[in-house]
Amino acid sequence: MQADSGIGTPLALDVQDAMRRRRMYREFDERPVPRELLERMVWAATRAQQARSGVRNIVVVDDPVLMATARQVLPGFLSNAPAMLVHCTDTVRAREVMGRRGVESATWIDAGAACAHLALMAQTLGLGTCTVTSWSQPAVQALLDLPDHVRADVTVAVGYVPAAPSPPARGFRTSWHHNRFGSMFGSGGQG
Ligand SMILES: Cc1cc2nc3c(=O)[nH]c(=O)nc-3n(C[C@H](O)[C@H](O)[C@H](O)COP(=O)(O)O)c2cc1C
């Protein structure tokens, strides 16, 4: 795979290969992400499954001044990313169509699904992402002028990253179980 996405020509990438290579990035190239690539990223997040219609909102941030402020007020935003996508939930609409439980659970799954799509799509565009949730709701609310009923779920840093070599895996572990918890499935898990 090559880093240069060459706007208009996304790189063909095998899905399994993209999953294997997927990483969170905290160091990005300084150059801005062109509008067209940001539009593809929003499209990828939009294509992620969601429990109900009309609940998901995505704010695309590429204003350098706003991004500089974001770095200052979002403690978990540890990168120099030139852009970010913020997945938000319309909590009034979510409650209308799914009830309280929907607001408290399904909408977070929507957000996670969008993050997964973004991390995969980024690779076809020469970009990388970092999922960031370590911040306070009021800080994001104020930064983006979010109305009270719109909750920021996750901020996703976006920027150009080197194509190769991929940063090493961090070895986060997942345990596999078979039929019943505690009975190992396959190798038992992967780092
Ligand atoms: C729900 C969630 C919240 C996260 N929050 C942050 C964060 O606030 N700041 C950050 O730098 N990375 C954050 N990450 C990224 C993880 O730290 C990252 O996935 C982990 O370091 C493993 O790296 P890898 O995904 O590249 O294998 C978050 C990831 C998830 C799924």
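Whatever order the structure lists ligands and atoms in, that order sets their numbers, starting from 1. Quick caveat, the model's predicted, so the values are computed rather than measured.
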Take R40 and T124, measure what side-chain hydrogen bond (donor to acceptor under 3.5 Å, both in side chains) needs, and give me the verdict at the end. CA-CA 10 Å; R40 288 196 191 164; T124 75; over 6 Å; no
Identify the two heavy atoms, one from V33 and one from Y160, that lie closest to each other, and give their separation to 0.1 Å. CA-CE1, 4.2 Å
Main chain of A81, side chain of R71: is a donor-acceptor contact present, judged purely on distance under 3.5 Å? yes
Taking only non-hydrogen atoms of C130 and a 4.0 Å limit, the atoms of ligand 1 in range are 10 (C), 11 (O), 12 (N)
Minimum distance, heavy atoms only, to atom 25 (O) of ligand 1: which one of R23, R22, R26 is it? R22
Donor-acceptor pair, side chain of N80 and main chain of F28, under 3.5 angstrom: yes
Ligand 1 and L78, any nitrogen or oxygen pair closer than 3.5 angstrom? no
For F172 and ligand 1, does the shortest N/O to N/O distance drop below 3.5 Å? no
